A.B. asks: 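This is the structure I want to talk about, given as structure tokens.
What you see is a predicted model, and the numbers here were worked out from it, not measured in a lab. Computed from heavy atoms alone, side chains included, the values below leave out hydrogens, waters and symmetry copies.
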Amino acid sequence: MEKLSTQHLLGIKELSKSDIELIFSTTDNFKEVINRPIKKVPSLRDITIANLFFENSTRTKLSFELAEKRLSADVINFSASASSVTKGETLIDTVNNILAMKVDMVVMRHPNPGAHAFLSKHIDATIINAGDGAHEHPTQALLDAFSMRQELGDLKDKKVVIVGDILHSRVALSNINCLQKLGAKVMVCGPPTLLPKYISSLGVEVSYSLNEALEWCDVAMMLRIQLERQGGDRKTEVKFFPSLREYHNMYGLTMDRLSKLKKIPIILHPGPINRGVEISSEVADSEHSIILNQVENGVAIRMAVLYLLAPGSN
Amino acid sequence: MDILIKKATIIAEHSSFHLQQMDLLILDGKISKISTNISNTIHKVIEADDLYVSIGWIDLQANIQDPGFEHKEDILSASKSAAAGGFTKIVVSPLSEPVRDSKSQLEYLTKHSTEVVEILPLGALSKGAKGTELAELYDLKEAGAVGFSDGKKSIKNPNLLNRALLYTQAFDGIVFNFPHTDEVACQGVMNEGETSTMLGLKGIPELSESLMVARDLNILEYTGGRLHLNSISTSKSIELIAKARKDGMFVTCDVASYNLLLEETELEDFDTRFKTLPPLRSNKTIKALIKGIKNGTVSAISSDHTPEDVEEKKKEFDHAAFGIINLQTSFAVANTALKKSLSIDQIIPLFTNGPAAILGIELPKIEEGSVAELTIFQPKKEFIFTKEQVLSKSKNSPLFNRKLMGTVVGVINNGKVALN
């Protein structure tokens, strides 16, 4: 069996192009499986997977859990708010306690960037990153690229714009890494306060104008405005933009904007959607949007990743 | 102990023996004889390749939280680390628990000071280092405070700095500040730049430092007085300070040695040992800092020695404590970073005359009959720093297994000798 070049999936940065290709070809197989009447395969029988979510998540957690169950793995779930953990037990202790119950793989979401890299040095289990702060969310980027590829074929020289809150987004960073490895060109677009100052050092184009970005691109990925992160954590912190109304006026994707384009791009959104903020309902539900394909592909991508990284799987 | 130092090159600008290779005989804590060849009778002899001797070194920034966090470092363990690092005087931050904002707390420090390493305490600038009211600065000065500082708690309120700079002029006090604008740093954990963008870690922009430097210099221009800025780490700050000095203002600054050697790219693996404040900057900034040293804007290099226990460091990057232990390694770190740009007789004043001038203290000379306060070292000798060598109670050094250049043979002070 072909294997990935890494032991864990910490980020897209650690994957090679051939790793990504292998994940995609495995995903093709699993997509076929999950469209059968009997959706379950025994690939990960006797493998125990712990889903550790130190930050809220609905769809990523469900998607991973479903992928694990379709592969016949044994699954345990753990959710905790990061604050309750920082009050007492350390991350290493929490995870080691769970591993002591003979767990083979850990799927983890954590609010702090690098938490997975940190953990990988101190524990003995395969780690899959389901999001670490504003760092990476590799399975999301893989499913996004996979979904784009379904529509456009090879992504080489395809133009993708990522719109919105790039500063707080792990999806943006993972997508930039992934799309660049596949040869696509990437632009980020949003209010200057939500773009990291040194973002162009990653080799992406930068635009403050949504119309200009839409003219340029083949694919537009609309990011969720993370309402909980816009006010800052402290009273002294200044908001990144004045109001959702103004954000929508400047960066909201509406049919009106799309109708003025020569060529309408494919629309993605990693979810959950704030309808009427970054994207209008009309656009989200239109034929141009492949948002629900992304969700479907998410399960297959996660099955592929789990399968390829599982210890001794066959 | 009586000691004979053989064939050592003397680095002491104001001495007639400056840059000469000499034998030095130390008897009863004094330099009894300096000559090209002193024959050995019954003295302990120090002899080694490329041996150098200078006035004892001074460190401007040792963060020792004794009392309060003695398990991280106490005065004795800090003194041992300092002596091993070549220091005979260390300036200690007031941020212990409780904060050193009164006479008795300073007395605790000086009482526990060892003979070979003298503790020079800073008194808290504000009561409880809370940044609201001035501490009893005159009383602190009388009790031995060499200056006033709220340590790494930057002076937020401009009017507190205004009052402090005015008030201290009555007794020639020096105000220290660590320029760092919290509201701009915005809970950042590393330098804002390419690496932070790649890692998704919150960046600390250089602006958060230079903004406060600019404010402080504006206030200083208005008040007069003496201001020292700790741990300068941006080119813009250097530029502003150089201009202020040219305009005749009494402002000085130091750079932490690790900011000269280590770059932000060290953090690519989320290694918390490299999490420092000021954060490790870019290669370009390091060059600007070195330029600031060469042109005299920066007159001292500090260790910014910050002991932290493993619990504070073995954590998710966002939660881990800032700081490294560096008293033992500060000279080697600086020497390794500067050896291509400066000669050793340009580097040593950053540890001797530079900090002495900032503190306004007089140093003994290297002449026959003078008090022996000396550091003996081998600037060209390479070594690998290991965890086993650490004398500090904490082990948070990012330098383990790294090759550094410049070893310390020992220090002599107050008639005592500490040899490595």
A.B. asks: CZ of Phe270(B) to CG of Leu10(A): how many Å apart, nearest 0.5 Å?
C.D. replies: 9.0 Å
A.B. asks: Should we count CG of Asp93(A) as having more than 12 external heavy atoms under 6.0 Å?
C.D. replies: yes
A.B. asks: Go through Ser200(A), Pro113(A), Ala134(A), Pro196(A) and name the one with the most non-hydrogen pairs under 4.5 angstrom from chain B.
C.D. replies: Pro113(A)
A.B. asks: Are more than 12 heavy atoms, taken from residues, nucleotides or ligands other than Glu263(B), located less than 6.0 Å from that residue's CD atom?
C.D. replies: yes
A.B. asks: Within a reach of under 6.0 Å around CZ of Arg163(B), are more than 12 heavy atoms found that belong to other residues, nucleotides or ligands?
C.D. replies: no
A.B. asks: If you count the non-hydrogen atoms of other residues, nucleotides and ligands that lie under 6.0 Å from NZ in Lys130(B), is the total more than 12?
C.D. replies: no
A.B. asks: Does atom NZ (Lys13(A)) have a neighbourhood of more than 12 heavy atoms from anything else shown, all under 6.0 Å?
C.D. replies: yes
A.B. asks: If you look at every heavy atom in Leu199(B) and Leu173(A), which pair is closest and at what distance?
C.D. replies: C-CD2, 4.4 Å
A.B. asks: Hey, what do you get for CD (Glu206(B)) to NZ (Lys197(A)), rounding to the nearest 0.5 Å?
C.D. replies: 9.5 Å
A.B. asks: Does any heavy atom of chain B fall under 4.5 Å from the side chain of Ile199(A), the backbone, both, or neither of them?
C.D. replies: both
A.B. asks: Quick one: pull up NE2 in His110(A) and CD in Glu316(B) and give me the separation to the nearest 0.5 Å.
C.D. replies: 4.0 Å
A.B. asks: To the closest 0.5 Å, what do you measure between CG (Asp318(B)) and CZ (Phe118(A))?
C.D. replies: 12.0 Å
A.B. asks: Side chain, backbone, both or neither: which part of Asp271(B) has an atom under 4.5 Å from a heavy atom of chain A?
C.D. replies: neither
A.B. asks: For the residue pair Met198(B) and Ile176(A), establish whether any side-chain heavy-atom pair is separated by less than 4.5 Å.
C.D. replies: no
A.B. asks: What part of Lys315(B) gets within 4.5 angstrom of chain A, counting heavy atoms only: side chain, backbone, both, or neither?
C.D. replies: backbone
A.B. asks: More than 12 heavy atoms of other residues, nucleotides or ligands under 6.0 Å from CZ of Phe400(B): yes or no?
C.D. replies: yes
A.B. asks: For atom CG of Asn283(B), decide whether the heavy atoms of other residues, nucleotides or ligands shown that lie under 6.0 angstrom number more than 12.
C.D. replies: yes
A.B. asks: So do His319(B) and Leu91(A) actually touch side chain to side chain, heavy atoms under 4.5 Å?
C.D. replies: no
